[in-house]
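Chain naming here is simple, since letters A, B, ... match the order of the sequence lines and numbering starts at 1 in each.
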Amino acid sequence: MKSKASDFVVALIAVVFGTTTYMMARKIPLLMENDVGSAFFPKVIALSLLILGILKFIVTLLRKGEEKAQEKNSDMVNGMKTIVLLLGYVILFGKLGFILSSMVYLFLQMLILSKKEERRMKLFAFISILVPIVMYILFVFVIKMPLPKGILPI
Amino acid sequence: MIIQGITAILNPFTIGLIFIGVVIGIIFGSIPGLSATMALVLFLPMSFGLEPINGISLLVGLYLGGISGGLISAILLKIPGTPSSIATVFDGGPLANQGKAGYALGAAILASFFGGLISIFALMFISPALAKVTLKFTSAEYFAIAVFSLTIIASLSGKSLLNGLIAGLLGFAISLVGVAPVDGFSRFTFGSSELYARFDITVLLIGVFAVTEIIQRGFYPKTGTEQFQKVKYDIQGFGITFQEFFQHWVNILRSSLIGLGIGILPGIGGSTASLFAYTAAKNSSKYPEKFGTGVIDGVIASESSNNAVIGGSLIPLITMGIPGNAATAIFLGGLTIHGIVPGPLIFKNSGQYMYGMFFALILANFFMLLAERVGLRYFVKVLDIPKNILLPIVMVFCMLGAYYSNFRVFDVVCVFAFGLLGTIFSKFAIPTSPFIIGYILGGIAEVNLRQALMQSGGNWSIFVTRPISLIFLLIAAFSVVSAIYKNMKSKKLSC
């Protein structure tokens, strides 16, 4: 998406983020002599963001002609599903443990990313079960780096 | 002693250890989230139990393999396997998209080999002299190097310079979260103790590169690599002819020297070296505008410099006992446990081990070339796996890597958050590379600026009165001005 609306949003992000950062940075005290202090860089960055944001706003406003927003064929449903699934995965990663959460994630993610005719359920199930178990054995028992166990006893 | 060192290596067991070390290192390097450092940590206890020269050989193999493995995922999956390979993605990714993955991989492997070789020779023959030069580098020079490397943001911004700059600043802002350098004040932590430690670069990389990629895949099912998936990878030899490769000899030499130099300086690291070399290659190129769209020069610059860091980083370690990065710090442990004390007397006291180590490095470099050359035709096969199956599996590996970066679930959640951020960036045409660069170099810039100012008693002129610092800053200023000028001239300053 490259249109005026999108550019205004970028300008807005920069201005809002810059302003908030500046407000927060003002509370950082100067602790040492001869030091510019821990507030210096945050302030410089915040002000630069603010200036660039305003510049972006002006440039976008002055730009003539609205290009057609070239939205690619986006699949909102599948995109949102992926985001929700990933959120679920990272939440359950610690609670259910690596093996179970990864199995569920792998299977559902492969389903989401596949078109109807590409759905090979048996293969997906096989991969979803095999991959986390093999990885767990390899990393936890062979290499000896622990992973969240979760509710499984091993 | 030289002969003694070489003969100590030349037995099947030691050679085998080096080879195994290289292969394991490559595997660790190629998986995002697992790093050379991690491979070294894991095998350090094992090296204690071995004969000194065997232990050192194993560590050498792991270190070299670990740095070299990152290029594989950087090119094939557009996810840098290690932070050192970030700049490889800029041109390696587009090349893979055009169906030239084998070509990019071949060039990257050869570049790694020569970069490594040049730095190993520097380590062998001129390390004491080089170590002296580095003592001239103070915080002011470090700051200047960071500023110079930051100018690459201008050229990686794609269509919109303003968006690139905003992205860079946002990355810089993210680097501020946590305990501040110098005075230790905790900034922007919102009272959360998990945020005290700064975000790990691995977490940022996995989030912005890998998670964003898979979310994009959900939104846009048939884009990117898919269109080129059926391209036949016709790989003969290295995928690139030696003749073509060696036309880039200036680039290889310059990038290797940059890698060597950055490697010697403690605390900067391979990611800055590859960004620096990439910037330098672009600035001196006849077609700078093509960088980032898939020119082999970018891949060569990045990969020869990050492997040259290996020899470079061992120089201060051996001559002064200063480890410049986490990997060499572990290396130091491996040396001292065997009674090898780094310092000016190391060649006198433990000469045979040192020459043994040099020889092991050279062997490891050849093994790396061999293993990746043989593996080349299999690596590209990864692209034949349908994306709907490959990407979820890569994602699971990434989450594992995120967890291993600090052994806490919090980082796994952060990876998701950064993935979401990357998605928002992509939605509004904000480039992500400047964001990562801002993050890496921002931290280095801040700590060194503040240290330099404390050293000078708050006098800002320290940056222009020290010659090396001045030169870097002048080149940086020049490249910014010329970038803006070119931009204005072509009237493409379309924000």
Scanning both residues in full, the closest heavy-atom pair of B/Pro434 with B/Gly164 reads CB-O, 3.4 Å
B/Phe28 versus chain A, heavy atoms under 4.5 Å apart: side chain, backbone, both or neither? side chain
Is A/Ile112 close to chain B through its backbone or its side chain, or both, or neither, when contacts mean heavy atoms under 4.5 Å? neither
Honestly, the part of B/Ile214 sitting under 4.5 Å from a heavy atom of chain A is both
Largest heavy-atom contact set with chain A, pairs under 4.5 Å, which of B/Val211, B/Val409, B/Thr423: B/Val409
Is a side-chain donor-acceptor pair under 3.5 Å present for A/Lys115 with B/Asn388? no
I'd like to know if the side chain of B/Asn163 and the backbone of B/Ala429 have a donor-acceptor N/O pair within less than 3.5 Å. yes
If I measure from the heavy atoms of chain A, does B/Leu169 come under 4.5 Å with its side chain, its backbone, both, or neither? both
Selection from A/Tyr89, A/Phe124, A/Phe98 maximising heavy-atom pairs under 4.5 Å formed with chain B: A/Tyr89
Of the listed B/Ile424, B/Leu42, B/Val415, B/Asn459, the one with the largest count of heavy-atom pairs under 4.5 Å with chain A is B/Leu42
Top of A/Ser48, A/Gly53, A/Pro42, A/Ala11 for chain B proximity - count of heavy-atom pairs under 4.5 angstrom: A/Pro42
Honestly, the part of A/Met76 sitting under 4.5 Å from a heavy atom of chain B is both
Looking only at heavy atoms and a cut-off of under 4.5 Å, which of B/Met454, B/Arg187, B/Arg450 has the most pairs with chain A? B/Arg450
Can you tell which part of A/Pro146 gets under 4.5 Å to a heavy atom of chain B, answering side chain, backbone, both or neither? both
Restricting to side chain to side chain contact (heavy atoms under 4.5 Å, CB included), what partner residues turn up for B/Leu453, sequence neighbours left out? A/Val36, B/Leu449, B/Ser456, B/Trp460, B/Phe463
Chain B contact residues among residues 15-23 of chain A, heavy-atom distance under 4.5 Å: A/Phe17, A/Thr21
Residues forming a side chain to side chain contact (heavy atoms under 4.5 Å, CB included) with B/Leu165, sequence neighbours excluded: A/Leu52, B/Ile153, B/Leu161
Side chain / backbone / both / neither for A/Leu87 at chain B, heavy atoms under 4.5 Å: both
Side chain, backbone, both or neither of B/Phe425 within contact of chain A (heavy atoms, under 4.5 Å): neither
Return a table of donor-acceptor pairs under 3.5 angstrom between the side chains of residues 389-404 of chain B and protein atoms on other chains or two or more places apart.
unit_1: B/Tyr404; atom_1: OH; unit_2: A/Met145; atom_2: O; d: 2.9

So A/Lys4 and A/Asp7, salt bridge (Lys or Arg N to Asp or Glu O under 4.0 Å) or not? Walk me through it. CA-CA 5 Å; A/Lys4 274 197 172 186; A/Asp7 281 337; over 6 Å; no
Are B/Leu195 and B/Phe188 packed together at the side-chain level, in the sense that at least one heavy-atom pair is separated by less than 4.5 angstrom? no
Report which part of B/Ile430 has an atom under 4.5 Å of a heavy atom belonging to chain A: side chain, backbone, both, or neither. side chain
Does CZ belonging to A/Arg26 count more than 12 external heavy atoms closer than 6.0 Å? no
Salt-bridge test for A/Lys43 and B/Glu446: reply yes if a basic N is under 4.0 Å from a carboxylate O, no otherwise. no
Is there a side-chain contact between A/Ser6 and A/Val9 in this structure, where contact means two heavy atoms from C-beta onward sitting under 4.5 Å apart? no
